[in-house]
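Worksheet: the structure to be examined is printed underneath.
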Amino acid sequence: MTEISVKKGQEYELTIESLAYGGKGVARVDDFVIFVKNAIPGQKVRALLYRKRKGFGEARPLEILSESKYVVDPPCEHFPVCGGCKVQQLDYAEQLAQKKQQVENIFRRQAGITDFEMDEVIPAKHIFNYRNKMEFTFSNKRWVLQGEPEDAEKDFALGMHIPKRWDKILNIDTCHLMPELGNDILNKAKSLAQEFKLKPYDQRTHNGFLRYLAFRFGHNTGDIMVNIVTSYENTDLLKPMVDGLIDAFPQITTVVNNINTRKADVSFGEYELLLHGKPVLEEKIGNLSFEISANSFFQTNTVMAEKLYETALAGADLNGEEVVYDLYSGTGSISLFLAQKAKEVHGFEVIVSAVEDATRNAVNNQIGNVKFHVANLDNFFKFSKGKKYPKPDIIVVDPPRAGMHKFMTDYLPKFEAKKIIYISCNPTTQARDTEVLLQKGYQLKRLTLVDMFPHTPHIETVGVFQKN
């Protein structure tokens, strides 16, 4: 069957061969590739082709004709609708195998390494209850499930956005990705908000009070932070809900209120009020302690973050004489890990508050051989030639999902560092940047996959590049 004969709106029997990066199943009609939502390798499905593009199509399954040998029963009742987990019905060992295959295919195709193979895959220690941060949305537009009566209440929800719907929220009772205590707090917050008639925010009219409920959990400290995001400041209105949460869960160490008066659908505010306890959550990774504020970036899987940093540290292979640059250093967690083994570390980060957090974390851990600098790495080194920074022996980069800015990718080899450790949450942009580094005289010596996010399509990798 040719591409021309594959038609939108037609039904096809498809055998799912693998998972694409992003979590969709991959099937073929002859050589025409079709991505199938909510399908896993080994399934044979009857599917409707709802979109056709040049070279590929997209389909949704109508019926499973034969089941995959890799299928498992997903524990979450919300899984078929939520979208937060893409492959909870896929055996975990096969999830890892598919992620490994995805990364290998991406590097062969985009970095041009025809015989590329992943060196190591580090599985998650816990495949459930691993997230240390969760965000839930309040709404007066609850997603109504199939089979519910027509008169079911629809004007209150606390949960997750329905995939590709900005205006509808799926009410969540239990999320298996966060600690179990989080679910108890979530449901108590829901009942208290309804008991005290606190109005959820309406994204269409921009009326209402409650916008988001966010949690942070100190995996190694037991700290719990609750962040209630509201559309305006009214602590008197919020107090009964806060008191109710603290009474029910004395384990809560911090309650903050972020005020977001803007229309933007974001869970951080223009300012923050401390309503209970201390202003930060404390966490430990290895022998280091970190203070984390409500809006600070911190790896969302504490146990596997330590594995990630250990992998980066092993790749750097420090002997105590090196000068290390940590680009995109955030709140300094990687910098502080490296500083324990290096001569000195310089962290560069564009967000001022993150640099302040990183500096405070260095002081709290009594680490004096690290300095943090406010720097927009899109162009920072282009205009900082007059500033005296020591020449780096090793560079660690941990860019956002979009990868490094082209200037930074091109400039990186000019440092002539003997090693570059590239940590990435997006193998596509990492492979793109790898192609440039290979052209500039570096070799990719090792690539390790650290599975931080079971049941999701997200992938974290650590690449070790060495100067030829």
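Everything numeric here is computed off the predicted structure, so don't read it as measured data.
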Any side-chain heavy-atom pair from [X] and [Y] closer than 4.5 angstrom?
| X | Y | answer |
| --- | --- | --- |
| D433 | Y422 | yes |
| P390 | H346 | yes |
| L213 | M134 | no |
| E58 | K37 | no |

Ignoring hydrogens and geometry, is there a side-chain-to-backbone donor-acceptor pair from [X] to [Y] under 3.5 Å?
| X | Y | result |
| --- | --- | --- |
| N132 | Q299 | yes |
| Q98 | Q95 | no |
| S296 | I292 | no |

Measure centre to centre between the rings of [X] and [Y], then say whether the value is under 6.0 Å.
| X | Y | value |
| --- | --- | --- |
| F79 | H455 | no |
| F32 | F56 | no |
| H219 | Y130 | no |
| F348 | F372 | no |
| F381 | F407 | no |

_Just by distance, no angles: are the side chains of Q430 and T461 close enough, under 3.5 Å, to form a donor-acceptor pair?_
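Indeed, the side chains of Q430 and T461 share at least one donor-acceptor pair under 3.5 Å.
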*Ring-face cation of R211 near F138 (centre distance under 6.0 Å, axis angle within 45°)*: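 No, a cation-pi geometry is absent between R211 and F138.
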*Applying side-chain hydrogen bond (donor to acceptor under 3.5 Å, both in side chains), which residue pairs with at least one partner in residues 438-447 are found, sequence neighbours left out?*
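Passing the test, one end in residues 438-447: E120-R446, Q443-K445.
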More than 12 heavy atoms from other groups under 6.0 Å of [atom1] on [X]:
| X | atom1 | answer |
| --- | --- | --- |
| K125 | NZ | no |
| I351 | CD1 | no |
| K278 | NZ | yes |
| K24 | NZ | yes |

*State plainly whether the residues E356 and R360 are in salt-bridge range, i.e. N to O under 4.0 Å.*
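No, E356 and R360 are not salt-bridged.
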*Salt-bridged, K414 to E416, with N to O below 4.0 Å?*
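No salt bridge links K414 with E416.
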_Candidate list I423, L313, V345, L327, test side chain to side chain contact (heavy atoms under 4.5 Å, CB included), partner V396, passing option_ =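 Only match with V396 under side chain to side chain contact (heavy atoms under 4.5 Å, CB included): I423.
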